[in-house]
Asks: 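To start, I am sharing the structure in question, which I have written as structure tokens.
When reading the values below, keep in mind they use all heavy atoms of this one structure, side chains included, and skip hydrogens, waters and symmetry mates.
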Amino acid sequence: MQFEHWHGKRYYSLDAYIKNTYGEKMYRISLNGGMTCPNRDGTCGTGGCIFCSEGGSGDFAGAAFRSVTEQIDNGKTLLRKKTKCRKFIAYFQAFSNTYAPTDRLRSLYMEAVSHPDVAIVSIATRSDCMDDDIIELLCEINRIKPVWIELGLQSIHPATHEFIQSGVSLSCFETAVWKLQQRSLPVICHVILGFPGETREQMLETVRYAASGPFAGIKIHKLFILHHTRLGEYYQKHPFPIMNEEEYCELIADCLELLPPQMVIHRLTGDGPKKLLIEPQWTTRKLTVFNRIQQTLEERNTWQGKYFRKEDAIWPTPRLYTN
């Protein structure tokens with residue numbers, strides 16, 4: 001059992017990975033690079049994904065009118081009021097953070113990677129914003145400091161993708177992942193649980209798919225229903241069942257059992273902006289949810305990877321891509 005390597009948890013948390021790899025705790029500083037998204041500017045759609053807020057999932061990020069350095073320094077000041085953390089993860093979070101001309105991206109990324117207190121750069125983006133020039137730039141930055149690429153899978157089910165109006169196909173996602181993997185750029189896969197119409201087994205199918213992919217890590221959280229989003233409007237007119245905290249923690253335990261033990265768990269719950277959050281309200285008690293997940297794992301005497309089997313892999317066979 002690897003609980004000591006996992007620092008007492010029954011899953012391989014990002015916190016454990018950072019401590020094992022860097023010998024100290026780190027925190028993310030959320031950044032806003034002032035970008036938009038092809039699903040907002042009319043390239044493939046307008047209004048964003050149905051669940052996306054006006055902040056482009058970057059409601060906790062810094063202000064776009066401030067430089068990257070200013071945002072990092074402001075984030076450091078806030079975090080150091082609560083922690084003695086010395087090193088940080090520069091997290092480009094708001095909107096699609098590879099959706100800009102390469103020269104502009106280079107300027108933003110270099111400013112982050114050059115900051116003396118930044119140890120890692122994490123970039124959240126879409127798989128349709130990943131052309132060869134951008135991948136080459138990411139490799140360039142990765143040679144200076146580690147770069148993580150965070151891509152939204154959310155679900156593998158076509159009906160769900162049609163509902164959320166993401167404008168990204170599963171084949172597009174797979175192509176981007178393999179291109180990044182071939183250049184040794186770590187990919188973090190995002191999964192959302194609780195879409196209307198998805199059964200428990202369908203959610204676990206998405207997790208099995210992610211479990212067999214070439215991912216360095218995974219982020220999982222409950223679907224947030226927010227004010228001022230199309231999902232919020234839909235929910236007001238067509239209410240659908242919302243998992244309670246106990247149901248969610250049981251489902252998370254099921255998910256963790258299916259994931260490979262070496263996959264780093266970057267997130268098991270999330271922070272919906274309190275002023276915007278309609279449901280589920282229990283997600284605002286983040287520490288309580290974490291404790292409940294650990295308690296559930298202990299009560300079930302289970303852990304990450306307990307039922308993971310390489311032979312069950314459903315990820316497509318690797319394909320070769322040329323630049």
Side-chain angles (χ1 to χ4, degrees), residues 14 18 22 24-41 43 48 52-131 133-152 180 185-188 190 219 228 266-267 270-276:
L14 176 61
I18 291 292
Y22 296 92
E24 59 186 304
K25 192 175 183 67
M26 290 185 202
Y27 286 89
R28 292 187 188 92
I29 296 176
S30 294
L31 306 175
N32 188 332
M35 281 166 257
T36 182
C37 170
N39 201 22
R40 286 176 177 266
D41 68 4
T43 301
C52 198
S53 69
E54 293 179 357
S57 298
D59 299 283
F60 301 102
F65 65 83
R66 297 189 185 279
S67 70
V68 168
T69 300
E70 287 178 304
Q71 292 182 54
I72 292 171
D73 288 340
N74 289 344
K76 280 171 43 185
T77 299
L78 291 173
L79 285 167
R80 282 176 172 168
K81 290 179 180 178
K82 301 180 289 185
T83 174
K84 296 180 180 179
C85 183
R86 299 183 307 135
K87 296 293 182 180
F88 301 89
I89 302 168
Y91 179 27
F92 287 92
Q93 182 179 22
F95 300 99
S96 301
N97 290 282
T98 56
Y99 191 51
T102 307
D103 288 346
R104 183 182 173 202
L105 294 175
R106 176 178 281 105
S107 176
L108 292 169
Y109 300 160
M110 284 301 297
E111 189 173 353
V113 82
S114 300
H115 196 290
D117 295 331
V118 166
I120 299 165
V121 176
S122 188
I123 300 170
T125 190
R126 287 165 55 97
S127 49
D128 58 355
C129 300
M130 198 59 65
D131 65 31
D133 287 343
I134 289 172
I135 292 175
E136 186 56 42
L137 170 60
L138 296 172
C139 290
E140 178 186 330
I141 303 301
N142 192 46
R143 287 191 286 268
I144 303 171
K145 288 179 183 176
V147 171
W148 300 340
I149 309 302
E150 304 191 11
L151 293 180
L180 292 164
L185 289 163
V187 179
I188 315 303
H190 286 219
K219 283 187 172 182
H228 312 305
H266 286 240
R267 179 184 292 163
D271 293 303
K274 292 183 180 180
K275 292 181 179 179
L276 298 178

Asks: By side chain to side chain donor-acceptor pair (under 3.5 Å), which residues pair with Asp133, not counting sequence neighbours?
Replies: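 Counting only residues at least two positions away or on another chain, Asp133 forms no side chain to side chain donor-acceptor pair (under 3.5 Å).
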
Asks: Mind checking salt bridge (Lys or Arg N to Asp or Glu O under 4.0 Å) for Lys219 and listing every partner two or more places apart, or none if nothing turns up?
Replies: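 If we apply the salt bridge (Lys or Arg N to Asp or Glu O under 4.0 Å) test to Lys219, skipping adjacent residues, the hits are Glu150.
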
Asks: Holding to salt bridge (Lys or Arg N to Asp or Glu O under 4.0 Å), I want the full list of residues that pass it with Lys25, two or more places apart in sequence or in another chain.
Replies: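 Lys25: salt bridge (Lys or Arg N to Asp or Glu O under 4.0 Å) contacts with Asp15.
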
Asks: Rounded at 0.5 Å granularity, tell me how far CG in Leu180 sits from CH2 in Trp148.
Replies: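 The CG atom of Leu180 sits 15.5 Å away from the CH2 atom of Trp148.
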
Asks: Do the non-hydrogen side-chain atoms of Tyr109 and Val147 ever get within less than 4.5 Å of each other?
Replies: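 Answer no - side chains too far apart.
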
Asks: Quick one: closest heavy-atom pair of Ser122 and Ile89, and the distance?
Replies: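 Where Ser122 meets Ile89 most closely, the heavy atoms are CB-CG2, 4.0 Å.
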
Asks: I'd like to check the side chain to side chain contact (heavy atoms under 4.5 Å, CB included) partners of Leu79; sequence neighbours left out, ordered by chain and number.
Replies: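 Side chain to side chain contact (heavy atoms under 4.5 Å, CB included) list for Leu79, sorted by chain: Tyr27, Ile29, Thr83, Phe88.
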
Asks: Return the set of residues passing side chain to side chain donor-acceptor pair (under 3.5 Å) with Thr98 (not counting sequence neighbours), or none when no residue passes.
Replies: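 Once residues adjacent in sequence are excluded, the partners of Thr98 under the side chain to side chain donor-acceptor pair (under 3.5 Å) criterion are Thr125.
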
Asks: Among residues at least two apart in sequence or on other chains, which ones pass salt bridge (Lys or Arg N to Asp or Glu O under 4.0 Å) with Arg104?
Replies: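 Arg104: no salt bridge (Lys or Arg N to Asp or Glu O under 4.0 Å) contacts found.
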
Asks: Provide the closest heavy-atom pair for Met35 versus Ser96 in the form atom of the first, atom of the second, distance.
Replies: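 What the structure gives for the nearest pair is SD-O, 3.4 Å.
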
Asks: Output all residues satisfying side chain to side chain contact (heavy atoms under 4.5 Å, CB included) with Arg66, sequence neighbours left out; order by chain, then residue number.
Replies: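 Partners of Arg66 under the side chain to side chain contact (heavy atoms under 4.5 Å, CB included) test: Ala63, Glu70, Gln71, Asn74.
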
Asks: Passes side chain to side chain contact (heavy atoms under 4.5 Å, CB included), Ile18 versus Ile120? Steps please.
Replies: CA-CA 10 Å; Ile18 291 292; Ile120 299 165; 3.8 Å; yes

Asks: Listed by chain and number, what are the side chain to side chain donor-acceptor pair (under 3.5 Å) partners of Arg106, not counting sequence neighbours?
Replies: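 For Arg106, the residues satisfying side chain to side chain donor-acceptor pair (under 3.5 Å) (neighbours in sequence not counted) are Glu140.
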
Asks: Over all heavy atoms of both residues, which pair between Ala90 and Val118 is shortest? Give the atoms and the distance, please.
Replies: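 Scanning both residues completely, I find the closest heavy atoms to be CB-CG1, 3.9 Å.
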
Asks: Considering all heavy atoms of both residues, which atom of Tyr99 and which atom of Cys37 are nearest to each other, and what is their separation?
Replies: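 Here Tyr99 and Cys37 meet closest at CE2-C, 3.5 Å.
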
Asks: Taking side chain to side chain contact (heavy atoms under 4.5 Å, CB included) as the definition, give me every residue that meets it alongside Thr69, ordered by chain and number, with sequence neighbours left out.
Replies: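 Applying side chain to side chain contact (heavy atoms under 4.5 Å, CB included) to Thr69 gives Ser67, Asp73, Glu111, His115.
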
Asks: Which value, rounded to the nearest 0.5 Å, describes the distance between Glu136 atom CD and Ile141 atom CD1?
Replies: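 Here the rounded value is 11.0 Å.
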
Asks: Search all heavy atoms of Ile134 against all heavy atoms of Asp131 and return the closest pair with its distance.
Replies: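 Minimum heavy-atom contact is N-OD1, 2.9 Å.
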
Asks: Show your reasoning for whether salt bridge (Lys or Arg N to Asp or Glu O under 4.0 Å) applies to Arg86 and Glu24.
Replies: CA-CA 8 Å; Arg86 299 183 307 135; Glu24 59 186 304; 3.0 Å; yes

Asks: Going by the side-chain contact (heavy atoms from CB on, under 4.5 Å) test, name the single residue among Leu151, Leu31, Ile149 that passes it with Ile123.
Replies: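 That would be Ile149; it is the only one of Leu151, Leu31, Ile149 passing the side-chain contact (heavy atoms from CB on, under 4.5 Å) with Ile123.
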
Asks: I need the minimum non-hydrogen distance between Cys139 and Leu185, along with the two atoms involved.
Replies: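 The pair with the smallest heavy-atom distance is SG-CD1, 3.8 Å.
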
Asks: Report yes if some heavy atom in the side chain of Ile72 is under 4.5 Å from a heavy atom in the side chain of Asp117; otherwise report no.
Replies: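 Ile72 vs Asp117: side chains apart.
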
Asks: So, do Leu108 and Asn97 sit near enough that their side-chain heavy atoms are less than 4.5 Å apart?
Replies: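 Of all side-chain heavy-atom pairs linking Asn97 with Leu108, none is under 4.5 Å.
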
Asks: If the condition is side chain to side chain donor-acceptor pair (under 3.5 Å), which residues does Asp128 pass it with, not counting sequence neighbours?
Replies: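 Result, side chain to side chain donor-acceptor pair (under 3.5 Å) vs Asp128: Arg126.
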
